[in-house]
Amino acid sequence: MNSILYVSAIILPVVGLTLSAFLTFKKRMEGKSVRKAMRVNLAAFLVLIVMVSVFAFCASAENEAPVATAATVSDTSEASEATEETESKSSANGLGLLAAGLVTGLAGIGGGIAVAAGAPAAIAATSEDPKSFGKSLIFVALGESIALYGVVISILILNKV
């Protein structure tokens, strides 16, 4: 059952995004608007994120079940304390991994938006005045550093977990 969840968590997003891109391309060829196609792709992406999260939580819960019941202690109170400690440690570990992934992903998206806005302006400024290349490059690098900050914070979170 565990391998089915892992395979589903890998295959479903790939199939879903491919299908969404195909349908968007098909609608675009039929003359539909680009904004509507982008909304459909964004909605499909968000649904796939939720599905992958659910599969990941189910797989981790299935992995933790034997660990929680494997405590062979004679006293039931000691067994329940060991189970609670294992669950709280595992829960904190899972939330730390989720936080690291969110930090990296959101910082990457923010860096991409910043570079998408800054790079064309830098190219235009450089084409008008070649002396402005150094100043333009700094602004593009500042946008890129947002993603690097996210990676650094993610590494710090992973070291705490």
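The structure displayed is predicted, hence computed values, not measured ones.
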inquiry  = Does any part of the side chain of Y149, heavy atoms only, come nearer than 4.5 Å to the side chain of V152, both counted from C-beta?
reply    = no
Distance, nearest 0.5 Å, that separates OG of S132 from CD1 of I138 = 11.0 Å
note = For S154, the side-chain hydrogen bond (donor to acceptor under 3.5 Å, both in side chains) test, sequence neighbours excluded, returns T104
task = Find the distance between CG (L97) and CG (N93) and round it off to the nearest 0.5 Å.
result = 5.0 Å
message = How close do V103 and G150 get, counting heavy atoms only, and between which atoms?
response = CG1-O, 3.2 Å
remark   = What one should report as the nearest heavy-atom pair of T126 and A122 is OG1-O, 2.8 Å
remark   = In this structure, CD1 of I157 is separated from CG of L102 (nearest 0.5 Å) by 9.0 Å
query = Is it true that V115 and L148 fall in one hydrophobic cluster, defined by side-chain heavy atoms closer than 4.5 Å?
reply = no
query = What pair of heavy atoms forms the shortest contact from S136 to A125, and how long is it?
reply = OG-CB, 3.9 Å
ask   = Minimum heavy-atom separation for I146 to A114, with atom names?
value = CD1-CB, 4.2 Å
message = Working to the nearest 0.5 angstrom, can you tell me the gap between K135 NZ and D129 CG?
response = 8.5 Å
